[in-house]
Amino acid sequence: MMLFYDATTVQQFDADGDGEVSLGEFKYRMSLNRTFDYYDTDANGFLEGTERFIPLLIGYTLVKNVKTAWQTDPNLDTDGDGRLSKPEVENAFTLEQALAANDPDGDGMITEIEILQYYDRQYFLMLDANGDSLVSFDEIRRANVTVGSFFDYLDADGSGFLENIEQYKIDLANRAIQAFLAADPSGNMQRS
């Protein structure tokens with residue numbers, strides 16, 4: 001924080017005066033309105049001149065730091081190279097496991113909200129073949145969705161590997177599956 005803010009700013013963030021900035025204090029002070037107002041030094045409602053470059057620099061630095069700080073799940077990264085290959089992901093879980101783990105009511109249907117954890121709205125609309133605002137497991141299978149095609153969807157740079165933040169949704173899916181399997185030790189993937 002001291003790289004971007006002086007001691008006065010840190011004191012402003014430290015609402016309870018304990019000498020530390022908690023996540024809650026940081027989130028409160030970093031709301032979009034407050035952030036904009038902070039950088040709009042002449043308070044004219046516009047980021048102009050040098051005002052407009054500071055938030056861009058911070059945003060770039062945050063993205064850069066996320067990329068370098070990303071920790072690849074060693075349970076998925078079987079060769080330990082810090083990135084996920086398509087075979088590593090395909091061997092980690094099955095489509096059936098992913099569907100069951102992400103169908104909280106066990107009705108064989110996935111809502112738009114549930115799909116949006118993994119895919120964008122356009123992909124949801126493509127999957128929703130009958131337009132009922134739900135995607136059935138059958139619709140997913142008919143669309144030829146596989147763990148491999150999910151990998152391809154996430155491989156934003158087309159490198160053949162999921163690197164850094166590209167791994168996020170695989171990690172999310174794997175955690176949901178592991179939690180589901182822990183709750184269903186029989187391995188039946190059935191909901192009660």
Side-chain angles (χ1 to χ4, degrees), residues 23-24 26-27 30 32 59-192:
L23 178 59
F26 184 79
K27 286 167 76 175
M30 292 304 291
L32 285 179
Y60 170 78
T61 303
L62 288 173
V63 168
K64 184 178 172 189
N65 288 342
V66 165
K67 286 181 76 172
T68 58
W70 186 264
Q71 296 293 313
T72 303
D73 184 336
N75 295 315
L76 297 172
D77 182 21
T78 57
D79 64 8
D81 67 355
R83 56 192 189 165
L84 300 178
S85 67
K86 191 180 229 179
E88 285 174 318
V89 172
E90 290 174 325
N91 290 326
F93 54 84
T94 67
L95 178 62
E96 296 305 315
Q97 288 173 322
L99 294 175
N102 287 283
D103 179 24
D105 58 9
D107 65 355
M109 305 290 277
I110 299 181
T111 67
E112 182 173 359
I113 295 298
E114 292 161 351
I115 287 270
L116 290 178
Q117 294 178 83
Y118 304 104
Y119 293 104
D120 63 25
R121 187 155 198 285
Q122 284 305 113
Y123 205 91
F124 170 80
L125 293 172
M126 185 271 305
L127 291 174
D128 185 17
N130 65 4
D132 66 353
S133 297
L134 296 168
V135 176
S136 70
F137 290 6
D138 287 336
E139 285 174 310
I140 290 172
R141 289 183 197 102
R142 281 194 303 271
N144 294 317
V145 173
T146 64
V147 173
S149 68
F150 182 45
F151 176 96
D152 294 338
Y153 175 82
L154 298 175
D155 185 13
D157 62 5
S159 68
F161 294 94
L162 299 183
E163 300 161 307
N164 306 309
I165 201 71
E166 287 178 328
Q167 299 173 17
Y168 171 72
K169 292 181 180 182
I170 290 292
D171 196 37
L172 183 67
N174 189 54
R175 288 174 192 266
I177 292 164
Q178 296 310 312
F180 184 77
L181 290 172
D184 181 19
S186 69
N188 292 339
M189 299 299 292
Q190 300 292 319
R191 295 197 177 267
S192 48

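Atom set for the values below is all heavy atoms of this structure, side chains included, hydrogens, waters and symmetry mates excluded.
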- Task: Would you name the heavy atoms of Ala143 and Leu127 that are closest together and state the gap between them?
- Result: CB-CD2, 3.5 Å
- Using the test ring pair (Phe, Tyr, Trp, His ring centres under 6.0 Å), find all partners of Tyr118 that sit at least two apart in sequence or belong to another chain. Phe150
- Note on the structure: Sorted by chain and number, sequence neighbours left out, side chain to side chain donor-acceptor pair (under 3.5 Å) with Glu112 holds for Arg121
- Item | Candidate pair Asp157 and Glu163, rule side chain to side chain contact (heavy atoms under 4.5 Å, CB included), full reasoning | CA-CA 9 Å; Asp157 62 5; Glu163 300 161 307; 3.5 Å; yes
- Message: With rounding to the nearest 0.5 angstrom, report the CZ to CG distance, Phe137 to Leu99.
- Response: 4.5 Å
- Message: Restricting to non-hydrogen atoms, name the atom on Ala101 and the atom on Ala176 that form the minimum distance, rounded to 0.1 Å.
- Response: CB-O, 3.7 Å
- Can you name the residues that form a salt bridge (Lys or Arg N to Asp or Glu O under 4.0 Å) with Arg142, not counting sequence neighbours? none
- Message: Run the side chain to side chain contact (heavy atoms under 4.5 Å, CB included) test against Leu134 and tell me which residues pass, sequence neighbours left out.
- Response: Met109, Thr111, Asp132
- Under the side chain to side chain contact (heavy atoms under 4.5 Å, CB included) rule, collect the residues that match up with Asp79, sequence neighbours excluded. Asp77, Asp81, Glu88
- Give, for atom CZ of Phe151 and atom CD of Glu166, the distance between the pair rounded to the nearest 0.5 Å. 8.0 Å
- Query: Can you name the closest pair of heavy atoms from Ser133 and Asp128 and give their distance?
  - Reply: N-OD2, 2.8 Å
- Do Asp138 and Ser136 have side-chain atoms, one donor and one acceptor, less than 3.5 Å apart? no
- Query: In Å and rounded to the nearest 0.5 Å, what is the CG to OH distance from Leu154 to Tyr168?
  - Reply: 11.5 Å
- Check the pair Lys86, Asp152 against side chain to side chain contact (heavy atoms under 4.5 Å, CB included), reporting the backbone distance first and the verdict last. CA-CA 8 Å; Lys86 191 180 229 179; Asp152 294 338; 3.0 Å; yes
- Note on the structure: Here the gap from Leu76 atom CG to Phe93 atom CZ, rounded to the nearest 0.5 Å, amounts to 7.5 Å
- In this structure, are over 12 heavy atoms from other groups packed under 6.0 Å from Arg175 atom CZ? no
- Item | For the student: nearest non-hydrogen atoms of Ala129 and Glu139, plus distance | N-OE2, 3.0 Å
- Looking at Leu162 and Ile170, what are the two nearest heavy atoms and their distance? CD1-CG1, 3.4 Å
- Query: Under the 3.5 angstrom rule, does the side chain of Asp155 hit a backbone N or O of Ser159 as a donor-acceptor pair?
  - Reply: yes
- Query: Hey, mind stepping through Glu114 and Asn102 against side chain to side chain contact (heavy atoms under 4.5 Å, CB included) and telling me if it holds?
  - Reply: CA-CA 7 Å; Glu114 292 161 351; Asn102 287 283; 5.7 Å; no
- Query: Do the non-hydrogen side-chain atoms of Ile177 and Gln97 ever get within less than 4.5 Å of each other?
  - Reply: yes
- Ile110 side chain near Ile140 side chain, heavy-atom distance below 4.5 Å: yes
- Of Asp73, Thr72, Asn174, which meets side-chain hydrogen bond (donor to acceptor under 3.5 Å, both in side chains) against Gln167? Thr72
- Message: Using the side chain to side chain contact (heavy atoms under 4.5 Å, CB included) criterion, which residues pair with Tyr153? Sequence neighbours excluded.
- Response: Tyr119, Asp120, Tyr123
